[in-house]
Amino acid sequence: MDFLVWLLNCWGIVPLTDMLSMVSTRELVTEDTPENREQAYYDMAWLTENMIMRNRTHGGYKVLLDELWEFCEQFNADMVILWEHMSCKALDGMHGLFEERAREHGIHLIWVTHDLFDPSVVSRQGVRQQVNDYMRTVMQEEPVDPSLEILKDDKSW
């Protein structure tokens, strides 16, 4: 599912990135010239090395916690949605630390449980419903487009 598009169209949440994005705060080669073509390969490799899920779930306390809030400040973000993969328990011990830091920074934090490889464990609608529940109960918000709150996922295999 295209979760970022759904967040925007259903709830009006403007997402900055997701866990599989290749995000950078430095400018990369964009002009197609013979000398830049080789540099583009290095730039793509750097982006892959620095994608959110790859480099933000490994690397210790600074990478996991400190830099998240630095990104929030840099991009003026007021909400973080953290994915909690059912099959990956590497960050379970960090739950309380993420929540504590979110409170310190005044940032809303939503935990979204999912199973990346098996939508029968947590359905796509189950993922969306966690956001729906948070937005309605905690944020006291109504969706921008209520018709998108519940979507048929019978072909989400």
- For the atom pair CD (Q129) and CG (L151), what is the distance rounded to the nearest 0.5 Å? 10.5 Å

- Message: If only side-chain N and O atoms count, and only distance matters, is there a donor-acceptor pair under 3.5 Å linking E35 with T33?
- Response: yes

- Message: Could you measure the distance from the CD atom of E73 to the CD atom of E67? Nearest 0.5 Å is fine.
- Response: 13.5 Å

- Message: Do F75 and L8 sit in one hydrophobic cluster, given that two such residues count as connected whenever their side-chain heavy atoms are within less than 4.5 Å of each other, even indirectly?
- Response: no

- Message: Before we go on, tell me: are the rings of W83 and F3 under 6.0 Å apart, centre to centre?
- Response: yes

- Query: Do you know which two heavy atoms are closest between N132 and C10, and how far apart they sit?
  - Reply: OD1-SG, 4.4 Å

- Query: In Å, rounded to the nearest 0.5 Å, how long is the span from CD1 of I13 to CH2 of W6?
  - Reply: 7.0 Å

- Is it true that V127 and V138 fall in one hydrophobic cluster, defined by side-chain heavy atoms closer than 4.5 Å? yes

- Item | Where C72 and V80 come nearest, the two heavy atoms and their spacing | SG-CG2, 3.5 Å

- Message: Under 4.5 Å between side-chain heavy atoms, counting indirect links through other Ile/Leu/Val/Met/Phe/Trp/Tyr residues: same cluster for M139 and V112 or not?
- Response: yes

- From CE (M135) to CZ (R128), nearest 0.5 Å: 15.5 Å

- Query: Is Q130 reaching over with its side chain to a backbone N or O of T113, donor-acceptor style, under 3.5 angstrom?
  - Reply: yes

- Task: State, yes or no, whether a side-chain contact exists between H95 and W111 at a heavy-atom distance under 4.5 Å.
- Result: yes

- Joint hydrophobic cluster, L7 plus V144, side-chain heavy atoms closer than 4.5 Å: no

- For residues I81 and Y134, determine if any side-chain heavy atom of one lies less than 4.5 Å from a side-chain heavy atom of the other. no

- Examine distances only and state if a side-chain atom of Q125 and a backbone atom of E149 form a donor-acceptor pair shorter than 3.5 Å. yes

- Item | W11 and L148, any side-chain heavy atoms less than 4.5 Å apart | no

- Message: Quick check on E38: does its CD atom have over 12 non-hydrogen neighbours (other residues, nucleotides or ligands) under 6.0 Å away?
- Response: no

- Query: Is it the case that more than 12 heavy atoms not belonging to D78 sit under 6.0 Å from its CG atom?
  - Reply: no

- Message: A side-chain contact here means heavy atoms from C-beta on lying under 4.5 Å apart; do E142 and R136 qualify?
- Response: yes

- Query: Do R101 and D66 come within less than 4.5 Å of each other through their side chains, counting heavy atoms only?
  - Reply: yes

- Hey, what do you get for CG (L82) to CG (L68), rounding to the nearest 0.5 Å? 6.5 Å

